[in-house]
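What follows is a set of notes on a single structure, which appears directly below.
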2 protein chains.
Amino acid sequence: MPRQGLNRDAVVRAAANLIEEKGPAAFSMAALAKFLHVRTASLYNHVDSLQDLYTQVGLLAIRQMVDAEEQAISGKYREDALTALAEAYRAFARDHYHLYRMILAAPKQENPVLEEASFAIVRPIHQVLEEFGVRGAQAVHWQRLLRSFMHGFAAHEIAGGFSHVPLGRDESYRIALEWIAAGLRAAAEEGNHACQNNGSYR
Amino acid sequence: MPRQGLNRDAVVRAAANLIEEKGPAAFSMAALAKFLHVRTASLYNHVDSLQDLYTQVGLLAIRQMVDAEEQAISGKYREDALTALAEAYRAFARDHYHLYRMILAAPKQENPVLEEASFAIVRPIHQVLEEFGVRGAQAVHWQRLLRSFMHGFAAHEIAGGFSHVPLGRDESYRIALEWIAAGLRAAAEEGNHACQNNGSYR
DNA sequence: ATCATAAAACTAATATAATTAGTTTTTAGG
DNA sequence: CCTAAAAACTAATTATATTAGTTTTATGAT
C-alpha cells in the first residue's frame, strides 16, 4: 500500500472536482475513493462523514465564488462594477453549476461555518452599493433585491426554466440590471436628503 | 395482508406529505412503506422508481403552487394583483418549503412532464404583466425578472440567508416589489409609443 | 542510524437503501 | 362462482455509508 499522501484538503478538493465533473448523482464515497486510488474506509481518516464532506465542498465553492466576485469588481465603479459583479455571479453559476447548487443546498440547521462563510458573499455586493451611495437600511434592502435576483436568474437558467422562449437571456439580464441600477441611483438620491423620515424607507 | 387500497395517486400524495413533514433527508422508500403499512416492495406496484416518485411529487407541488397563485390574483388588478401574486409565491415557499425545493431540484435532463408543468407557473405572472400593459418581448424580460426575484428571495429566506440582519424581510420584499411595479409602468408606457424601435428594448 | 509513535492506509463486518424476481392473496367482473 | 388482473407479499441482489480493529509507513527524537 504505497501511501497516497492525502489530507483533508486534498480529499475535499477531489470531491469538488468529481462533483463538478460528473454531477452529484454520480458521487459517492466509493466513487471518490476509486478516484483517489484508495479504499473507501480510508477517506474517514480525513473526513467525518459524507455530510461533513458536503459541508466542506460547500465552503470551498463559496470561497471560489467570492473570489470571482471580488476579482470582477476590482478597479470598477458604480454601473460598471454592478454589471461586472452580476456577470461574474451568473458566469460562476453557469460554469460550476453543480458546485453552485451545493452552496444553498446546505441545510439551514447547524452549519455555523457555512452560515458565516455565506456572509462573505454579501461583502462585494455591499461594496458596490456603497459606491452608489446606498447605505444603512437601504443597503440591506437593495442587497437583498440584487442577491435574490441574481440567484433566481441563475437558478432558473441552470434548471432550464428560461428555455421555452428563445428570446435572449443576456438581454433579459441586461434590462433587469439596468432597472436595478436606476433603483440604486434613486435610492441614493433619496437617502441624501432624507433626514427627518429616517424610520420609514421609501 | 388486508389490502390497503393504494394507487399511484395515494402513494404520491403520501410521499409529498411525508417529505413536507419530516424533510427529504428522512424520506425513503422504506419510510414511506412503513407510513402506509405496506412492505417496501409493494410500492413498486404503483411507482417505477424513487426518481419517478420524486418527479410525481414535483408535479404535485407545481400544481399546488399554481393553484395558490391563481387564487391569489383572482379578482385583483395591477399593483394589487402583483402584490398578491408575490405574497402567495413567498407564502407557498415558506409554508411548503421542502416541496418547493423539489420543484426546481428536478434534473434538467429528461423530465418533459415537469418541464411542461413548470410552464404553468409562468401563466399567472404573464396575466399580471398583461394588466400592466406589458406585452411581447418586454413581457418575457419582465417575467424573467419578476420570477427570478421571487424565487431568489424565497430561496434565501428558506436557507436562512437573510437572517444576519434583523431588518424586516417583509419590508425588503415590499420595497423591491414597488420598484418592480414602477418598472412595469415604465415598460408599458414605453411600449405604447414605441413603434419604430421595435427591435431594441430600452 | 534506530526506534517509537502517530497518521494513513488497510480488511472485515454491519446496517440500511433501492430494486427485481417470483409467489400468494384479494377483489371485481363476467 | 370462478377467473384473471391487481395488489400485496417473501426473498434475494447490489450498492451504500459507516465503524472496529489491524497493519504499514513516515517522521521526529534519541
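Computed over heavy atoms, backbone and side chain alike; hydrogens, waters and symmetry mates excluded. First the proteins, then the strands, lettered A, B, ... as listed; each starts at 1.
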Tabulate atom names and distances for all N/O pairs under 3.5 angstrom spanning the protein and nucleotides 15-19 of chain C.
from    : atom 1 : to     : atom 2 : distance (Å)
dA18(C) : OP1    : M29(B) : N      : 3.0
dA18(C) : OP2    : M29(B) : N      : 3.0
dA18(C) : OP2    : A30(B) : N      : 3.4
dT19(C) : OP2    : Y44(B) : OH     : 2.7
dT19(C) : OP2    : L50(B) : N      : 2.8
dT19(C) : O5'    : Y44(B) : OH     : 3.4

Acceptor/donor pairs from residues 82-91 of chain A side chains to any protein atom, 3.5 angstrom cut, sequence neighbours excluded:
from   : atom 1 : to      : atom 2 : distance (Å)
T83(A) : OG1    : E79(A)  : O      : 2.9
Y89(A) : OH     : Y100(A) : OH     : 2.8
R90(A) : NE     : E157(A) : OE1    : 3.0
R90(A) : NE     : E157(A) : OE2    : 3.3
R90(A) : NH1    : D170(A) : OD1    : 3.1
R90(A) : NH2    : E157(A) : OE2    : 2.7
R90(A) : NH2    : D170(A) : OD1    : 2.9

At how many degrees, to 10°, do the end axes of the helix from dA1(C)-dT30(D) to dG30(C)-dC1(D) meet when each uses five pairs?
10°
Donor-acceptor pair under 3.5 Å, N45(B) side chain vs dA6(D) base
no
Who are the ring-ring contact (aromatic ring centres under 6.0 Å, His included) partners of H156(B), not counting sequence neighbours?
H151(A), F162(B)
Whole angstroms only, please: what is the CG-P distance between L32(A) and dA9(C)?
12 Å
The ring-ring contact (aromatic ring centres under 6.0 Å, His included) partners of Y173(A) (sequence neighbours excluded) come to F149(A), F153(A)
Run the numbers on V128(B) and V134(B) for side chain to side chain contact (heavy atoms under 4.5 Å, CB included), then give the verdict.
CA-CA 9 Å; V128(B) 171; V134(B) 178; over 6 Å; no
Return no unless some side-chain N or O of S42(B) is found under 4.0 Å from OP1 or OP2 of dA7(D).
no
Integer-rounded Å distance: dT25(D) P and N7(A) CG:
20 Å
Atom-to-atom span, NE2 of H37(B) to C1' of dA7(D) - whole angstrom
17 Å
Is a side-chain N or O of S148(A) found less than 3.5 angstrom from the main chain of R144(A), in a donor-acceptor match?
yes
Indicate yes or no for a side-chain donor-acceptor contact from W179(A) to the backbone of L145(B) under 3.5 Å, with no hydrogens or angles considered.
no
Just the rounded figure in Å: distance from P of dA6(D) to CG of L43(B).
18 Å
Please tabulate, for side-chain N and O atoms in residues 16-32 of chain A, each donor-acceptor pair with protein atoms closer than 3.5 Å (sequence neighbours left out).
from   : atom 1 : to     : atom 2 : distance (Å)
N17(A) : ND2    : R13(A) : O      : 3.4
S28(A) : OG     : A30(A) : N      : 3.4
S28(A) : OG     : A31(A) : N      : 3.0

CA sep, side-chain torsions, deciding dist, call: E178(A), R174(A), salt bridge (charged side-chain N to carboxylate O under 4.0 Å, His left out)
CA-CA 6 Å; E178(A) 276 181 23; R174(A) 218 201 68 232; 3.2 Å; yes
Find the distance L6(B):CG to dT27(C):P and express it as a whole number of Å.
13 Å
